[in-house]
Amino acid sequence: MSQCHNLRSGMILLKNHLSHEDQVKIIRTCQKLGIGIGGFYQPSYSDGAKLHLQMMCLGKNWDPEAKYVDIRPVDGAKPPEIPEVFQKLVKGAIQASHDFLLHQNKHINAEDELPNMSPDLCIINFYNENGRLGLHQDRDESPQSIAKGLPVVSFSVGNSAEFLYGVERDVDKAEKVVLESGDVLIFGGKSRMIFHGVSTIQANTTPKLLIEETNLRPGRLNLTFRQY
Ligand code: MD6
Ligand code: FE
């Protein structure tokens, strides 16, 4: 079993949860979808400021200005569906988190702490080695989804990232955790509204075999699954 950390209530880190084969599948799928209709682009705000990453969405479209809309404003593209293999991986990660919570305390109801979720959308970010993402909350999903604390499930593949999180939008007060290739971070329940962001991408930290098998360029892929 991969190592599990309960970072705070509703926030669980599954270290090295995704197998090498899973990671290869994730990269190849993102490579394929990323150059198709609805594929990677660099999002920007209406004032022209660009995010320091490439993004694409599956299932439903989200962008930092328009939020959730059926077709994306930049090019009118409809997002591709979430592949079945991704659905299975998300299910497995939530199950592993519940098993871990019950292992820690068999008297709790694991679903109270971390509700179940079936994703209908996924936001995929690709960061090059200068990529980053400022502290934010994920609060554009439906009020019901947020009120229930339905978790966001996040897969990291490629270079490691320094990930910040905290109850305030304050970088100096934030906790830090390094997310490595294969890690899964889940936050829901009492942590659904936590502030979080990516401060740095650590150069040359992708496992060599992963690069050899996928030709992934230097950088980090992050997939966040949610239920609108
Ligand atoms: C990232 N992740 O790790 C950005 N959001 O690149 C997120 O913004 C995120 O990891 C919600 C839940 C988990 C996350
Ligand atoms: Fe987020």
Side-chain angles (χ1 to χ4, degrees), residues 5-15 17-18 23 26-27 30 34 40 42-43 45 51-60 62-65 67-68 86 89-90 93-94 97 114-115 117 119-142 145-146 148-169 171 174-203 205-206 216 218-228:
H5 302 269
N6 206 342
L7 299 180
R8 35 177 290 131
S9 178
M11 186 168 183
I12 291 179
L13 175 59
L14 306 171
K15 287 300 291 179
H17 176 81
L18 302 164
Q23 295 179 52
I26 289 169
I27 295 170
C30 293
F40 283 112
Q42 188 175 15
Y45 294 103
L51 275 72
H52 297 260
L53 50 79
Q54 298 268 116
M55 192 178 92
M56 67 174 290
C57 296
L58 307 176
K60 289 186 194 301
W62 178 87
D63 80 67
E65 279 292 336
K67 312 300 182 188
Y68 286 106
F86 286 2
L89 291 172
V90 172
I94 296 175
S97 303
L114 192 74
M117 184 273 291
D120 51 14
L121 70 118
C122 172
I123 302 177
I124 307 178
N125 291 337
F126 182 79
Y127 302 78
N128 67 27
E129 292 185 328
N130 303 312
R132 57 191 151 88
L133 179 62
L135 283 182
H136 65 278
Q137 290 170 307
D138 289 31
R139 55 185 310 158
D140 297 329
E141 293 70 35
S142 72
S145 177
I146 288 174
K148 287 183 191 153
L150 301 190
V152 180
V153 175
S154 158
F155 294 173
S156 291
V157 178
N159 281 1
S160 304
E162 188 181 75
F163 188 86
L164 306 181
Y165 65 95
V167 290
E168 291 175 63
R169 184 182 259 126
V171 173
E175 310 261 3
K176 286 180 192 162
V177 64
V178 174
L179 299 179
E180 298 171 293
S181 198
D183 290 354
V184 176
L185 177 67
I186 304 192
F187 53 90
K190 289 191 182 129
S191 293
R192 183 59 176 76
M193 279 293 108
I194 205 87
F195 285 95
H196 58 279
V198 173
S199 46
T200 49
I201 302 296
Q202 301 178 341
T205 47
T206 299
L216 179 69
R220 168 176 182 264
L221 265 178
N222 175 256
L223 292 75
T224 49
F225 296 90
R226 310 123 196 271
Q227 183 176 328
Y228 182 78

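Every number for a ligand or one of its atoms is a count from 1 in the order of the listing. In this chain, numbering begins with 1 at the start of the sequence shown.
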Positive for side-chain hydrogen bond (donor to acceptor under 3.5 Å, both in side chains) with E141, one of W62, Y228, Y68: Y68
NZ/K15: more than 12 non-hydrogen atoms of other groups inside 6.0 Å: yes
For the Fe ion (ligand 2), the closest N/O/S atom belonging to H196: NE2
Atom indices of ligand 1 within 4.0 angstrom of S154 heavy atoms, with elements: 10 (O), 13 (C), 14 (C)
F163: numbered ligand 1 atoms lying under 4.0 Å from its heavy atoms: 2 (N), 3 (O), 10 (O)
Under 4.0 Å to a heavy atom of Y127 - the qualifying atoms of ligand 1, by number: 1 (C), 4 (C), 6 (O)
Sub-4.0 Å atoms of ligand 1 with respect to non-hydrogen atoms of H136: 8 (O)
Per-atom contacts of ligand 1 with N222, taking only distances under 4.0 Å to non-hydrogen atoms: 1 (C), 2 (N), 3 (O), 4 (C), 6 (O)
Intermediate values then yes/no, side-chain contact (heavy atoms from CB on, under 4.5 Å), N128 and H52: CA-CA 8 Å; N128 67 27; H52 297 260; over 6 Å; no
Heteroatom proximity flag, D138 to ligand 1, N/O under 3.5 Å: yes
Check against side-chain contact (heavy atoms from CB on, under 4.5 Å), M11 and H196: CA-CA 12 Å; M11 186 168 183; H196 58 279; over 6 Å; no
N, O or S atom within D138 nearest to the Fe ion (ligand 2), by name: OD1
For V198, atoms of ligand 1 separated by under 4.0 Å from a heavy atom: 1 (C), 3 (O), 6 (O)
Contact check: R220 vs ligand 1, nitrogen or oxygen atoms, below 3.5 angstrom: yes
More than 12 heavy atoms from other groups under 6.0 Å of NZ on K67: yes
Main-chain N/O of Q227 paired to S145 side chain as donor or acceptor, under 3.5 Å: yes
Under 4.0 Å to a heavy atom of H196 - the qualifying atoms of ligand 1, by number: 5 (N), 7 (C), 8 (O), 9 (C), 11 (C)
Any F126 side-chain heavy atom under 4.5 Å of L216 side chain: yes
For atom 12 (C) of ligand 1, the protein heavy atom that lies nearest, with its residue and separation: F187 CZ, 3.0 Å
Flag, side chain of Q42 to backbone of L51, donor-acceptor distance under 3.5 Å: yes
Residue pair S199 / R132: nearest heavy atoms and the distance that separates them: O-CB, 3.9 Å
Numbering as shown, the atoms of ligand 1 that approach L133 to under 4.0 Å (heavy-atom distance): 4 (C), 8 (O)
